[in-house]
Amino acid sequence: MGRDVPALVFTREDRRRYRIKMQECLDAFAQMLREARFDAARPQVGLEIELNLVDDRGEPAMRNVDVLEAIADPAWSTELGRFNLEINVPPRRLVAGGPDAWESEIRAALNHADDRARSVGSHLIMIGILPTLRQQDVGEGALSENARYRLLNDQVFAARGEDLLIEVDGEDRLRTYADTITPEAACTSTQFHLQVSPQEFAPYWNAAQAIAGVQVALAANAPFLFGKELWHETRIPLFEQATDTRPQEIKVQGVRPRVWFGERWINSVFDLFEENVRYFPALLPLCDDQNPGETLERGDVPELSELTLHNGTIYRWNRPVYAIAHDKPHVRVENRVLPAGPTVADTLANGAFYYGLTRALVEEDRPVWSRMSFSAAEDNLHAAARHGIDARLYWPGTGEVPANELVLRRLLPLAHQGLERSGMDEAWREPLLGIIEQRCVTARNGAVWQKEMVHHIESRAHCGRHEALRRMTEQYIAYMHLNAPVHTWPVE
């Protein structure tokens with residue numbers, strides 16, 4: 001969904017033509033897979049980070065247009081809410097540039113953007129859900145100005161036919177209705193990209209699905225929404241509900257949601273794009289003039305615009321991506337389960353764990369997805385979102401065990417192996433995966449720190465919940481800029 005679209009009204013003819021074009025794109029994609037037309041010689045990794053904007057008091061700042069103008073860098077773009085921004089970090093080889101190169105590049109970009117944001121009275125914060133966000137902050141006026149967001153909002157509600165119900169039970173209980181999709185903007189994430197050959201895509205996607213719950217347990221960073229203390233990673237149920245095009249009657253018929261874990265292990269990247277076309281009606285039926293079959297016959301690379309736009313409106317936690325770079329097509333896995341933050345150091349540790357563990361699992365003699373039901377992987381995701389690092393997760397050969405014990409005993413050594421096979425030496429691996437290890441030993445991540453800090457402020461200052469959240473947010477920003485991993489943050 002990262003492209004601009006015009007503001008318009010769709011006709012039945014638009015939808016009929018779009019359905020035909022999607023099938024033509026799918027046929028062309030299948031032909032490209034058969035003929036091995038994809039770039040797999042120089043696989044790369046990539047990173048996108050969504051951030052929130054706050055004012056000097058840690059309250060949401062609806063200033064993304066002003067901040068983007070001040071940053072003046074094409075790597076930065078708007079997101080759904082006026083209090084959101086996103087940076088697309090340039091792709092690179094996993095081991096390119098030495099152990100500090102990627103961290104230095106990301107920190108420099110974020111620090112520069114924060115300096116420019118300050119010039120217009122705003123600050124950046126990397127966090128799963130902005131704690132000071134109130135429900136009145138996510139009304140219709142909070143939608144970003146880009147026409148694609150307004151159009152997407154209109155199409156979701158046209159399909160749904162009624163307001164969205166948002167309901168999450170945790171330490172507190174949230175039950176409310178929304179008449180726009182803007183509550184989705186509360187969900188700010190980190191997205192890791194991994195370019196693979198089409199032949200390797202299915203094993204890597206399956207591996208990413210298998211560890212999604214583990215990732216969330218380790219990195220949960222979104223325990224508060226609209227002043228309520230909910231799940232450790234409230235972003236997961238909020239995102240599932242805030243873009244749901246199904247009224248209740250459609251849900252009980254078994255119609256699939258657009259925020260989707262999936263329902264099976266796959267054999268090919270084609271399976272996911274084919275499911276998209278088969279199961280989901282188009283939200284944005286916009287056609288271009290390219291005929292993908294004729295483009296292939298000329299020896300050129302088709303954009304597959306309709307297929308990729310449709311894919312961008314189906315929010316899998318691990319999404320397939322088809323893209324063209326330097327005139328060559330490629331496919332990649334977009335890992336979308338993690339929240340933003342708390343620090344660049346934590347983010348890169350999460351990335352090292354993900355990239356290393358998926359490679360090790362793909363190269364096992366008996367893949368984990370052949371020993372684990374798909375529903376168990378999905379159950380792990382929701383258990384981790386609810387309980388964070390205290391979650392108990394299922395893993396083949398161990399049964400249901402505490403998440404930190406599973407990582408320390410089984411998965412962290414595999415992550416080391418995977419990174420070593422990727423060419424990352426011990427001097428680089430140890431600091432990154434050492435952060436993951438210490439999170440497990442201390443049982444502390446961003447969600448734990450946020451919850452403890454708010455309770456500490458409430459008891460010490462005898463203030464209300466919102467004031468405690470505001471003070472916690474200010475302290476969070478200060479620690480974020482120090483770039484010390486979150487497990488080391490004091491509560492004081």
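FYI, side chains are in, hydrogens and waters are out, and symmetry mates aren't considered; it's all heavy atoms of this structure.
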Closest contact, heavy atoms only, [X] versus [Y]:
X      : Y      : value
Phe83  : Ala186 : CZ-N, 4.2 Å
Leu124 : Leu85  : CD2-CD1, 4.1 Å
Val301 : Tyr322 : CG1-OH, 3.6 Å
Ser370 : Pro367 : OG-O, 2.6 Å
Asp288 : Arg17  : O-NH2, 3.4 Å
Leu80  : Ile181 : CD2-O, 3.6 Å

Quick check against the 3.5 Å criterion: does [X] have a side-chain atom that pairs as donor or acceptor with the backbone of [Y]?
X      : Y      : answer
Asn221 : Ala340 : yes
Glu140 : Thr180 : no
Glu48  : Phe192 : no
Asp271 : Ser268 : yes
Ser144 : Gly81  : yes
Arg82  : Arg63  : no
His416 : Leu412 : no
Asn380 : Ala210 : no
Asp244 : Gln241 : no
Arg160 : Asp163 : yes

Quick test of your reading of the model: are [X] and [Y] salt-bridged, counting only N-O distances below 4.0 Å?
X      : Y      : value
Glu263 : Arg256 : yes
Arg16  : Glu13  : yes
Asp137 : Arg134 : no
Glu240 : Arg235 : no
Arg336 : Glu50  : no
Arg386 : Glu233 : no
Glu363 : Arg359 : yes
Arg150 : Glu145 : no
Arg175 : Asp169 : no

Practice problem: Look at the aromatic rings of Phe270 and Phe29 and report parallel, tilted or perpendicular, splitting at 30° and 60°. | Solution: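 Because their plane-to-plane angle is under 30°, the rings of Phe270 and Phe29 count as parallel.
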Spacing of [atom1] belonging to [X] relative to [atom2] belonging to [Y], to within rounding of 0.5 Å:
X      : Y      : atom1 : atom2 : answer
Thr190 : Asn335 : OG1   : CG    : 9.5 Å
Asn318 : Ile266 : CG    : CD1   : 10.0 Å
Glu200 : Thr358 : CD    : OG1   : 10.5 Å
Leu174 : Trp231 : CG    : CH2   : 12.0 Å

Between [X] and [Y], a side-chain donor and acceptor under 3.5 Å:
X      : Y      : result
Thr343 : Asp346 : yes
Glu249 : Gln253 : no
Thr11  : Asp14  : yes
Thr295 : Asp300 : no
Asp27  : Gln23  : yes
Asn350 : Arg439 : yes

Can you tell if the side chain of [X] reaches within under 4.5 Å of the side chain of [Y], non-hydrogen atoms only?
X      : Y      : value
Ile166 : Pro183 : yes
Leu283 : Val156 : yes
Met424 : Tyr355 : no
Glu24  : Gln290 : no

Exercise. Establish, yes or no, whether a centroid distance under 6.0 Å links the rings of Phe374 and Trp369.
Key: no
Self-check item: Ring center gap for Phe261 and Trp317 short of 6.0 angstrom
Solution: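 Between Trp317 and Phe261, which both carry aromatic rings, the centre distance is not below 6.0 Å.
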Practice problem: Test Thr78 against Asn146 for side chain to side chain donor-acceptor pair (under 3.5 Å), laying out the working first. | Solution: CA-CA 8 Å; Thr78 59; Asn146 193 305; 4.8 Å; no
Self-check item: NZ (Lys328) with more than 12 external heavy atoms under 6.0 Å
Solution: no
Quiz item: Does CZ in Arg278 sit with more than 12 non-hydrogen atoms of other residues, nucleotides or ligands closer than 6.0 Å?
Solution: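 Check passes, neighbour count above 12.
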Exercise. Please step through side chain to side chain donor-acceptor pair (under 3.5 Å) for the pair Arg410 and Thr398, ending with a clear verdict.
Key: CA-CA 9 Å; Arg410 295 288 298 273; Thr398 65; 4.6 Å; no
Quiz item: Does the cation-pi check pass for Arg258 over Tyr315, that is, NZ or CZ under 6.0 Å from the six-membered ring centre and within 45° of its axis?
Solution: no
